[in-house]
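The structure appears below as structure tokens.
Just so you know, these numbers come straight off a predicted model, no measurement behind them. Quick note: numbers below take in every heavy atom, side chains included, and nothing from hydrogens, waters or symmetry partners.
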Amino acid sequence: MEPELDSTKAAAGNRKHLAMLDRLSKRTATSSADSPEASPVASFLSRFAAAKVAAESALSACRSSPDDAPSSLATASTAVDDLERLVAEASHSLPPYELRSALAAVSDLRAAHKLAASEIRPKKSFSFRNKSKATKIPPQDPPAPLQPPPELPKPSFDAILPGFGFRGRSGATLVKDLRVANEKDGDFTLADLVSCEVYLKGKCRALYIHKLRDCRVFIGPVFGSVLIEDVESCTFVMAAHQIRIHEARATDFYLRVRSRPIIEDCSGVRFAPHALRYVGIEEDLRDSGLEEDTGNWANVDDFKWLRAVQSPNWSLVPEEERLPTVDISEVQETEDCN
């Protein structure tokens with residue numbers, strides 16, 4: 001009975017959050033009716049509300065139509081994937097509160113999807129009528145519903161990250177040539193890495209980085225957004241159109257970026273110009289629209305520092321301490337992606 005209670009509570013919370021998004025969307029649309037085009041936040045709220053309704057409808061169908069549950073479950077998974085990609089693509093233009101609310105909503109939907117999947121699978125496992133004679137099977141049924149509850153607190157930022165990438169490694173050298181990968185020009189994730197060196201050649205659409213410690217990361221061009229969360233004592237060398245950094249500590253960033261980097265809840269982070277080379281990087285930079293160095297690596301916006309004076313949370317790497325250009329052309333590829 002507890003999973004049903006939790007599911008009801010989660011559904012009520014989702015309806016409340018959706019109602020809030022609808023109100024915000026209508027309010028922002030009304031206030032911007034006289035302007036030639038809606039603000040990025042208003043546009044996002046409208047698209048997010050519609051995508052969220054689609055995901056919730058698919059999840060509801062899982063329970064209302066048991067015969068079509070597997071198909072509805074797959075549809076719900078795709079809808080949640082679309083929702084999280086929408087949030088990632090808009091992350092650079094959203095205020096902190098809206099971003100966190102959207103991430104929390106996606107996490108709740110992901111948790112609801114996992115719960116729905118766990119409720120469907122036990123029914124399929126024990127639906128064989130010809131085995132009803134075995135009287136010892138019923139006592140073993142209760143443990144199956146008890147498995148989902150430990151997963152309920154788990155959904156967080158890392159639960160909504162795309163699956164392709166490097167995860168859960170320690171002390172490893174991780175190399176991938178994105179130019180020849182099956183997921184070419186797709187999304188890439190680095191999560192839960194400790195004392196690793198990461199080398200990515202080629203370009204990708206979006207990059208998600210979560211919970212890295214004492215790592216050195218060298219990334220080819222990202223022609224979309226980079227979202228970084230919870231890193232410490234790391235070095236990143238990358239080029240991208242937008243870069244947003246949350247909860248970074250004592251970490252250096254060597255960047256080429258089209259818009260101003262955004263930091264939030266960071267301390268001791270330092271910035272320097274891009275310092276990466278490999279055979280073909282000039283073509284990758286050009287194809288990604290990053291052939292020019294805008295100098296924005298030094299124009300950092302601290303969303304938690306609203307005073308007119310310089311934020312104490314970031315600084316520039318002194319020239320004498322900066323890395324020389326790192327050439328990763330000869331680094332050998334590994335087959336660790338999952």
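We find that Lys201 and Asp177 are not joined by a salt bridge, their nearest charged nitrogen and carboxylate oxygen being 4.0 Å or further apart. The pair Arg167-Asp192 fails the salt-bridge criterion, with no side-chain N (NZ, NE, NH1 or NH2) lying under 4.0 Å from an Asp/Glu carboxylate O. Using a 4.0 Å cut-off between charged nitrogen and carboxylate oxygen, Glu197 and Arg216 count as a salt-bridge pair. With respect to the salt-bridge test (charged N to carboxylate O, under 4.0 angstrom), the residues Asp252 and Arg270 qualify. With respect to the salt-bridge test (charged N to carboxylate O, under 4.0 angstrom), the residues Glu56 and Lys52 qualify.
Ala275 approaches Leu323 most closely through the heavy-atom pair CB-O, 4.2 Å. Shortest non-hydrogen contact noted between Pro221 and Tyr278 is CD-OH, 3.4 Å. When all heavy atoms are compared, the tightest approach of Val326 to Phe218 is CG2-CE2, 3.7 Å.
Between the Ser259 side chain and the His241 main chain, a donor and an acceptor come within less than 3.5 Å of each other. Side-chain N or O atoms of Thr189 include none that pairs as donor or acceptor with a backbone N or O of Gly165 at under 3.5 Å. Using modelled atom types, one side-chain atom of Arg322 and one backbone atom of Val317 make a donor-acceptor pair closer than 3.5 Å. Side-chain atoms of Thr325 never come within 3.5 Å of backbone atoms of Arg277 as a donor-acceptor pair (strictly under, hydrogens ignored). Looking at Arg249, its side chain does come within 3.5 Å of a backbone N or O of Glu247 through a donor-acceptor pair. Asp265 contributes no side-chain N or O that, together with a main-chain N or O of His246, makes up a donor-acceptor pair within less than 3.5 Å. When atom types are taken as modelled, the side chain of Ser288 and the backbone of Leu290 share no donor-acceptor pair closer than 3.5 angstrom.
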**Prompt:** Stepwise, does the salt bridge (Lys or Arg N to Asp or Glu O under 4.0 Å) test hold for Asp230 with Arg213?
**Reply:** CA-CA 9 Å; Asp230 190 8; Arg213 302 289 184 268; 2.8 Å; yes

**Asked** When you look at Glu229 and His210, which way does the side chain to side chain donor-acceptor pair (under 3.5 Å) test go after all the steps?
**Response** CA-CA 5 Å; Glu229 175 105 348; His210 180 59; 5.2 Å; no

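In this structure, the side chains of Phe236 and Val231 come closer than 4.5 Å at one or more pairs of heavy atoms. Contact check for Ile262 versus Ile245: no side-chain heavy atoms found under the 4.5 Å cut-off. Phe223 is listed as a side-chain neighbour of Arg205, based on a closest heavy-atom distance under 4.5 Å. For the pair Leu227/Arg244, a side-chain contact is recorded, criterion being any heavy-atom separation below 4.5 Å from C-beta on. In this structure, His274 and Ile281 have side chains that are in contact, with non-hydrogen atoms separated by less than 4.5 Å. Looking at heavy atoms from C-beta onward, Leu178 lies out of side-chain contact with Lys203 at the 4.5 angstrom threshold.
Below 30°, between 30° and 60°, or above 60°: for Phe188 and Phe166 the angle between ring planes is above 60°, a perpendicular geometry.
Counted by atom type alone, Asp214 and Ser195 present one or more donor-acceptor pairs between their side chains at under 3.5 Å.
Proximity of the aromatic rings of Phe271 and Tyr254 is defined here by a centroid distance below 6.0 angstrom, and this criterion is not met.
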